[in-house]
Every structure is written in structure tokens, then in C-alpha cells.
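Data block below; observations after.
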Number of protein chains: 2
Amino acid sequence: MGSEHKPPVTLRTLADQLGLHVSTVSRVLHAKPDEGARAASEATVERIRKLADELGYRPNPHATSLRTRRSNLVGVLVPRLSDIVLATIYEGIEEAAAEHGLSTFVTNTRDVPDVQRARTEMVLGRRVDGLIFGDAYIDAEFLSGIAARGVPFVLVSRRAGEHPSVTCDDYQGGRLAAEHLLSLGHRTVAVVAGEPYASTGIDRTAGFVDTYRDAGVPVPGSRIVHTPFDARGGRLGAEKLLTQHPLPSAIFAVNDFAAIGAIGAARDRGLRAGTDLAVVGFNDTPLAAELPIPLTTIRSPMHEMGYRGLSLLVRLMAGEDVESQRLAPTLMVRASSTG
Amino acid sequence: MGSEHKPPVTLRTLADQLGLHVSTVSRVLHAKPDEGARAASEATVERIRKLADELGYRPNPHATSLRTRRSNLVGVLVPRLSDIVLATIYEGIEEAAAEHGLSTFVTNTRDVPDVQRARTEMVLGRRVDGLIFGDAYIDAEFLSGIAARGVPFVLVSRRAGEHPSVTCDDYQGGRLAAEHLLSLGHRTVAVVAGEPYASTGIDRTAGFVDTYRDAGVPVPGSRIVHTPFDARGGRLGAEKLLTQHPLPSAIFAVNDFAAIGAIGAARDRGLRAGTDLAVVGFNDTPLAAELPIPLTTIRSPMHEMGYRGLSLLVRLMAGEDVESQRLAPTLMVRASSTG
DNA sequence: GGCTTTCGCACCTTATCGCTC
DNA sequence: GGAGCGATAAGGTGCGAAAGC
């Protein structure tokens, strides 16, 4: 075992063994079903296919890409894959990519602009045919630079400027959360609003705040705190909110993990989620329903966002004009808000 | 905007503009610092580097791969990236890969053998130089087939057969959990053991059970249940365990998310984690410390596993002999076991 | 003879044109 | 004149051999 160098099976291998020319073999192996007729005679087509199968011929993608100037590769940039939201979106992307015969390079940028730039250059260096950004900043400065270079791309999860995107209707999600808490009678409410540069947090917060304002209950800025989208961020944010007077009776966290952190912070102060403090999260992560105190949350179609994002990119790469999509969120009522 | 076709900058572009031969340019642009002297004269080296910089020359990786038969690509197969454990391992892999100038294809196999096969073929079709499996079954049947084809690969997270792997010392982790619970006086204990085909769950359970046995307290098979590695699995597993008599006073779940599910199941039966029922998890996911009832757990070096896994693969691809690594776990004591 | 540079081909595939019966 | 196939070139890079000074 060890150094068994099987020479790779190439078009020439097949051609030589069949006494045909490589170009003939290429044409046949590549012909789409509908145009198969012109490639060669029935009999030769059969012979070629059979041998290719037997020898396990696999076209060399580097040679193909070199020749066709298409890599069938797409780059995917996300803040972090260890955030289950982005990981789930990526699963949707990957599923759609597989269906289109595309492969993906996915990379974490940690929401750090320098890393975003560096990793984008890296995937472009790999000659991807298109890009998907899950880490867009609301000011689309960086993205405009990419657009100017003529590389097709779409955004998922977060929107920015007029670039094509597939997002949850986050504003509407914020409204749903507000309407739910309003219906429960909460009038002193606070928001753990996420990072200030992400449209997700911005839009969810805006939808929430606007709905409360429209109901005649303004939410003062002091009751809106910005934090990272994770449990630790939620805990820190809630700790600030829970020192205010009067104490809020409800907290809307723009992310399930932040909501979990908020519940922990509440508990440290002797407040029980669901009875003493209503908590609403966002995304309906699988964990939400399984928590000791199940979490009321706004479900966002994460997998679908990824799936549709890649589909949109495919159309964009084909030269079509495309439009952004906003997918509808759903309210999931559980014990963390109803006791 | 739209159709601005800048002709790509190739070696020939540079060569023509400098009045040199492409091969000269090629030699200079990849001479390593130490052998730079031999590539060309100081002056030409300078001229070439300068122009390459100005025009933003990026070598075409397809051409390079075609020529060198090296793609600088590695394939990574994991059960699911939406499992934060694997996602974090992947972050380590990616970090190390970037340092080595490698790019990764990562793909979810959902622990389904047919998908594992299909995705493996797909990445091999992309001509990866090596593979990392995070989804190994304990019976190494499939992997032996890959090994026979001469493709270098390493395992991370899970071990299997004698294939090189980087894992947590899961057996030791199980011991730590057992010693902790023994020291707290728990003698009626149960295990949520994860999937029966994964070495992680198997070894953690074995370390736990062996330690209890050695202490004169055997853990009967009826108190060990196999479930998926997630919150839902943990809940279902714990529900089974909590119908037994006598009721266990402690549960060891081989995964933090399963532990969270177990805590939820306990709560549904009126048992409070930490006081009525001790719960110990595994991995020390970031969430563990932030939970309303912080989770006692065994910390495993997830990021490092990935980082070292890729480093090991690099050495393997260089033809070195490598040995498997087991990284030490650490006990993190929190309220879910101590009240 | 050593340093610098050029030449030519190979890697594998595909697109287009052209030949032959 | 059309069906079936071959010939040729190109895509960008890298390596060995050989040439220039």
C-alpha cells in the first residue's frame, strides 16, 4: 500500500482505447440529451459511454475551467458558521448548489471589514463565478466596490443598498413581536437590538419600535441596547436594561441566543422568564422549543433563505435581471412570554 | 455598468509588456525568498514584481492545478454545520487552511452513508489534495475504501480504526464527568449516550461507565440511551430515563445540546437541574456558561481539533508518517450539577 | 563556466472548422 | 448534402533543456 500511481483516466485514455479522436469523445460525453444526436452515431455514443463508465472517467475540472472560463464555484462569506443561523442558511445554499452542479467555498469573516476584504480577494483569486454575502454591512460601501468589478453576487440574511438580496422580512418580524407583546398588555418594553451595522437587527428593531409608537407607546432610546448576536451579548444587554426604572416587563431580543442570555440575566436578578418578564427571540432556532422555558420567537425561513439566495445567484450569473426577495416570518408563541 | 470585459492579467500580459519571456516571469513570481537569487537578475526581478503589483496579477489556479496536479484544495465532510461543535471545528480547519494557502470545500452529510459516499465522490471529482472527515462511523468500512484509493485523509472529532485522527480524549472526558458526579455522591446515574456509531458518544460513555464500575457502582444498560446529538434527542432520551425507578439523581449527556434537552425534560417533570437532578454536558459550547442554569460540562478543544486536524493532513499530504492525537478535556463545574 | 533568459512542450478539455463518404 | 468524425488551436502555467553573453 502507498505508492500506487494509477495514471488518471483522461479523454485521451478513452479515445486511444476506442480508436477515436479525443474531440469526438469530448463531444459525446458532454452533449446534452437533446443535442446528443449530432455528436456521433448511436453506436459510437454507446461505446464511449460504456468505456467511460467502466474506467470511471471523471472530467478534470481544472482543464474544463481553464478552457471554458467558468469554474462552477461560488464563494460564500458569513460572519461565523458557528452561529447556527448562518450555518442553517449555508445548508440551504449548499443544497441548491449541489442541484446546480456548483461547489462552494465558505469562509468566516467575523464581521471584521479587513477580513471580509481579504477573504473576498481570496475567493475571487480562486476564480469563483459568483459570491454570496451573509455578512453585509448596512452601508454598502465595500459591496459597491465588488459590484464595480463586475462580479455577480447576492446577499442573504442581511440587505444593503440596492444589491439583490434574500432576507427575512425583518421589519414585519419586529411588528409581529410587538403586536404579540402589546396584546399581552406590555407597555414598558425594551429591545436587545444586535449589532448596529446589520440590517437584521436594525429592521427588526424598527418594526418593533414603530408598532409600539403607532400604538401610542413610544420606546425610548435608552431601552434599546446594541450587542453581539449571541448569548453573552444578550446577557450583557439585558443586564443593562434590567437596571432601569421602571423595570421593563418585556424584552424583545432580535436573536434567539441573545434571548437565552437575556433570560439568564433576568434569572440572576430573581426574575423568571414567562411570568416576571416576557422574552421574545428571533429565528426559531431548533433549540428554542426545547429549552426548559420554551422560547417565544419569530421564525425566519433560514434554510430557504440560503436555497433561494443561491438560486437567485444562478439566475444573475446567467445574465438575468433579478429582484430581491423578502420571506415572511411567523410568530411562535411559547412559555417565555405567556408563562 | 454591466459588460466591462477587462482582459484578465496573465503571465503573458506581464511578459509582453516587459519584453520578457513568460517562463522568466513565471519563475520569478514564484521563486521562494531563499531561492529568489537564481530566478533572474535583481533588476528584472524588481521590474517583474512591480508590474505584477500594478496590474494586480493573480495566478490562474486552474492553470496551475492543471500543470502541477495539485489543487491546494481539501474536502471537509461533516454531519452538519448547524451543529456548533462541527462548525467550531471547521473554523479551526479553515484558519489552518488559510495559513497553508489551502482552500476548503465543506459539505454536510447528515451522517447518512449514502450521502457521505456521494459527497466524497463529488469533492474527489473536484480534485482535492486531501480530505478531512468529521463524520466517521466507528466501523471504518467506508474509510478503508477511500484509503485504498490512495487519497490522504484525516479524521477529526471522531476516530475510526487506525486512520489518523485528531480527537478529544473522550474516554478521559467521560471519566472526568464520572469522577465529578461520584465526588458529589451520586450513585444512581444515567447516560444520554448519543448516536451508537460515533466514537465520541461511545468513548465518553465508556469512560463514564468504567469509572463508575471501578468505584463499585455499575451503571446498568437500561440507564444508557442512544439519541441524536441535539436538544430534541436529549429531551427524548431524558424522558425515557426519568420514567425509571429509582429515579436517577444525575444525568451525563455526551453533548451540551442534549444536556439542555435533558434539563427541559426534567423541568417538565418538576425536577430542577442542579438541585433535584445533576446534569453534566460535553463540549462546553459558548452557550453553556450563559444558560439560566449554567451547565456543568466537559470542555473539549473544538477549534484546536480542527486546526490540528488540518495541520496533520498537510503533513500527510507531504508524505510524512503521522500519528493520531488526543487532546485533553477539562471539567467545567457550574450550577447544573452543584445547585 | 556561470548567470540570465528563451524555447518548447505538457497538463486536459472544448469550440470551431473542415474533411470524407 | 448531411451525417459522422478528425484536426487544430487555445486557455495559463511550469518545467527541463538549451541558448546567449
Side-chain angles (χ1 to χ4, degrees), chain A residues 5-32 35-49 51-52 55-73 101 124-127 129, chain B residues 5-32 35-49 51-52 55-73 101 124-127 129:
Chain A
H5 292 281
K6 300 182 204 170
V9 180
T10 71
L11 286 179
R12 186 185 317 270
T13 317
L14 301 179
D16 287 355
Q17 273 190 48
L18 293 167
L20 290 168
H21 197 269
V22 275
S23 70
T24 308
V25 180
S26 169
R27 228 178 315 117
V28 166
L29 252 24
H30 191 231
K32 284 155 197 158
E35 64 192 30
R38 294 180 156 191
S41 72
E42 268 312 312
T44 356
V45 168
E46 228 21 76
R47 283 205 307 148
I48 293 175
R49 293 229 174 102
L51 188 65
L55 299 189
Y57 168 76
R58 298 270 163 258
N60 183 317
H62 303 122
T64 303
S65 296
L66 183 58
R67 183 66 237 249
T68 61
R69 301 170 153 287
R70 268 204 123 232
S71 61
N72 293 317
L73 255 29
L124 287 177
R126 285 282 183 180
R127 302 297 199 271
D129 293 335
Chain B
H5 294 279
K6 301 181 203 170
V9 180
T10 72
L11 286 181
R12 190 189 309 275
T13 316
L14 301 178
D16 287 355
Q17 271 189 51
L18 292 168
L20 289 169
H21 196 268
V22 275
S23 72
T24 310
V25 181
S26 168
R27 221 177 325 110
V28 166
L29 254 24
H30 12 15
K32 283 155 199 159
E35 62 191 32
R38 294 180 157 190
S41 71
E42 269 310 313
T44 12
V45 168
E46 227 21 75
R47 285 205 306 147
I48 292 174
R49 292 229 175 102
L51 188 66
L55 300 189
Y57 169 74
R58 298 272 164 256
N60 183 315
H62 303 122
T64 304
S65 297
L66 181 59
R67 184 64 239 251
T68 62
R69 302 169 151 286
R70 268 204 124 232
S71 61
N72 293 317
L73 255 28
L124 288 177
R126 285 282 182 179
R127 299 298 199 270
D129 293 335

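Here the structure is a predicted model, which means the values were calculated and not measured. Chain naming here is simple, since letters A, B, ... match the order of the sequence lines and numbering starts at 1 in each.
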May I ask you to evaluate whether A:Thr10 reaches the phosphate of C:dC12, defined as a side-chain N or O under 4.0 Å from OP1 or OP2?
no
Is there a side-chain contact between A:His62 and the phosphate of C:dC12, meaning an N or O under 4.0 Å from OP1 or OP2?
no
Using the side-chain heavy atoms of A:Asn60, tell me which of these nucleotides is nearest: C:dC12, D:dG11, C:dT5.
C:dC12
Go through the N and O atoms of the side chain of A:Arg27 and the base of D:dG6, and report whether any donor-acceptor pair is under 3.5 Å.
yes
Nearest whole Å is fine: how far is D:dA10 P from B:Leu11 CG?
17 Å
Whole angstrom is fine here: how far is it from CG in B:Leu29 over to C1' in D:dT13?
11 Å
Between P of D:dC5 and CG of A:Leu18, the distance in whole Å:
11 Å
Whether B:Arg67 contacts C:dC9 is assessed here as follows: a side-chain N or O lying under 4.0 Å from the phosphate OP1 or OP2. Is that the case?
no
Under 4.0 angstrom, heavy atoms only, what part of the nucleic acid is A:Ser26 near: base, sugar-phosphate, or nothing?
base
Rounded to the nearest 0.5 Å, how far apart are CZ of B:Arg126 and NE2 of A:His62?
8.5 Å
Mind calculating the distance between CG (B:Asp16) and P (C:dT6) to the nearest angstrom?
11 Å
Counting the atoms with a prime plus P, OP1 and OP2 as sugar-phosphate, which does A:Ser65 contact under 4.0 Å by heavy atoms, base, sugar-phosphate, or nothing?
nothing
Taking B:Thr68 for its side chain and B:Thr64 for its backbone only, find out whether a donor-acceptor pair lies under 3.5 Å.
yes
Toward the 5' end of DNA chain C, by each residue's nearest nucleotide, B:His21 or A:Pro61:
B:His21
Can you tell me if B:Arg58 has over 12 outside heavy atoms packed within less than 6.0 Å of its CZ?
no
Check whether any side-chain nitrogen or oxygen of A:Tyr57 sits under 4.0 Å from OP1 or OP2 of C:dC12, and answer yes or no.
no
Do B:Arg27 side-chain atoms and B:Val25 backbone N/O form a donor-acceptor pair below 3.5 Å?
no
Within the 4.0 Å heavy-atom criterion, would you say B:Ser23 contacts the bases, only the backbone, or no part of the nucleic acid?
base
Is B:Leu66 touching bases, backbone alone, or none of the nucleic acid, heavy atoms closer than 4.0 Å?
base
Report the distance from atom CG of B:Leu20 to atom P of C:dT6, rounded to the nearest whole Å.
5 Å
Rounded off to whole Å, could you give me the CZ-to-C1' distance for the B:Arg69 and D:dG14 pair?
13 Å
D:dC15 C1' sits how many Å from B:Arg70 CZ, rounded?
17 Å
So does A:Ser41 get a side-chain nitrogen or oxygen closer than 4.0 Å to the phosphate oxygens (OP1/OP2) of D:dC5?
yes
Rounded to the nearest 0.5 Å, how far does CG of B:Leu11 lie from OH of B:Tyr57?
3.5 Å
Would you kindly compare A:Val9 and B:Gly19 by the position of their nearest DNA chain C nucleotide and give the one closer to the 5′ end?
B:Gly19
Using whole Å, report how far CZ of B:Arg12 lies from P of D:dG14.
14 Å
